[in-house]
Structure formats: structure tokens, C-alpha cells
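Take a look at the structure set out below.
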Amino acid sequence: VDMPLTASYNSPVCEGEDLIFTATGLVGDYVWTEYKTGCVFNGISFTRPVAIIQMGGMYKVVRVVNGCASHELMVNAKVFTQPDIISVDT
């Protein structure tokens, strides 16, 4: 029995942190695509190191087995601005 395809990422992510995408399923090749740029990433998981705001947005993943692609799943990744640190003199 094959496991259904699922997709996720390590939410929440702030600028400068790694953005890590993960799919689950058993056999097959996994192809991720970033909608904004069309960049393609291969593998059941992949990392976009040192995230910037522009890396946020929609990503899709499909699993390919024997040349046949599964339905695509979408992940809406959010990358937040690093909060300002305010020092207080005491």
C-alpha cells in the first residue's frame, strides 16, 4: 500500500533562518517548484538556507513514479521580517 503524498515546511520562519520543505510518501521522485520564479528543486525534502522575504510564497510538489505524476500539493511558505531588538538601559 502506497502512502498518500503530503507536503509541509518548518513554519514560522524569520529572515536568516533556513526554510525547509518536506514531502512524505513512499517510492518515487519528488519535484518541487517555486511559483514566483519557476525554480525547481528535487528530492523528498530540500532546504533554502538563509531565507529572505522574497523566498516566501507558493511552492508545489509532485511525486513521479514510473513516469506518472501524482496530483500536486501546494505549500504557502511565509518568511517574516526579523524583529528589531531594542535595548533598554537600566
Determine, using the 4.5 Å side-chain heavy-atom cutoff (strictly less than), whether [X] and [Y] are members of one ILVMFWY cluster.
| X | Y | result |
| --- | --- | --- |
| Val13 | Ile52 | yes |
| Phe46 | Leu73 | yes |
| Ile53 | Phe21 | yes |

Do the side chains of Glu34 and Lys60 get close enough for a salt bridge, i.e. N-O under 4.0 angstrom?
no
Does Tyr35 sit in a hydrophobic cluster with other residues, and if so which ones, taking ILVMFWY side chains as linked at heavy-atom separations under 4.5 Å, directly or through other members?
Met58, Met74
Heavy-atom pair of closest approach, residues Val61 and Ala23:
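Val61 and Ala23 have their closest heavy atoms at CG2-CB, 4.3 Å.
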How close do Leu5 and Ser70 get, heavy atom to heavy atom, and via which atoms?
CD2-OG, 3.4 Å
Value rounded to 0.5 Å, distance of NE2 in His71 from CZ in Arg63
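These two atoms lie 8.0 Å from each other.
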State the CG-OG1 distance between Asp18 and Thr47, to the nearest 0.5 angstrom.
6.0 Å
Side chains of Arg48 and Tyr59: any donor to acceptor distance under 3.5 Å?
yes
Enumerate, atom names and distances included, each donor-acceptor pair closer than 3.5 Å involving a side-chain atom of residues 38-45, sequence neighbours excluded.
none

Would you say that [X] contacts [Y] through its side chain, given a criterion of any heavy-atom pair below 4.5 Å between the two side chains?
| X | Y | result |
| --- | --- | --- |
| Glu15 | Thr81 | yes |
| Val75 | Trp32 | yes |
| Val79 | Leu19 | yes |

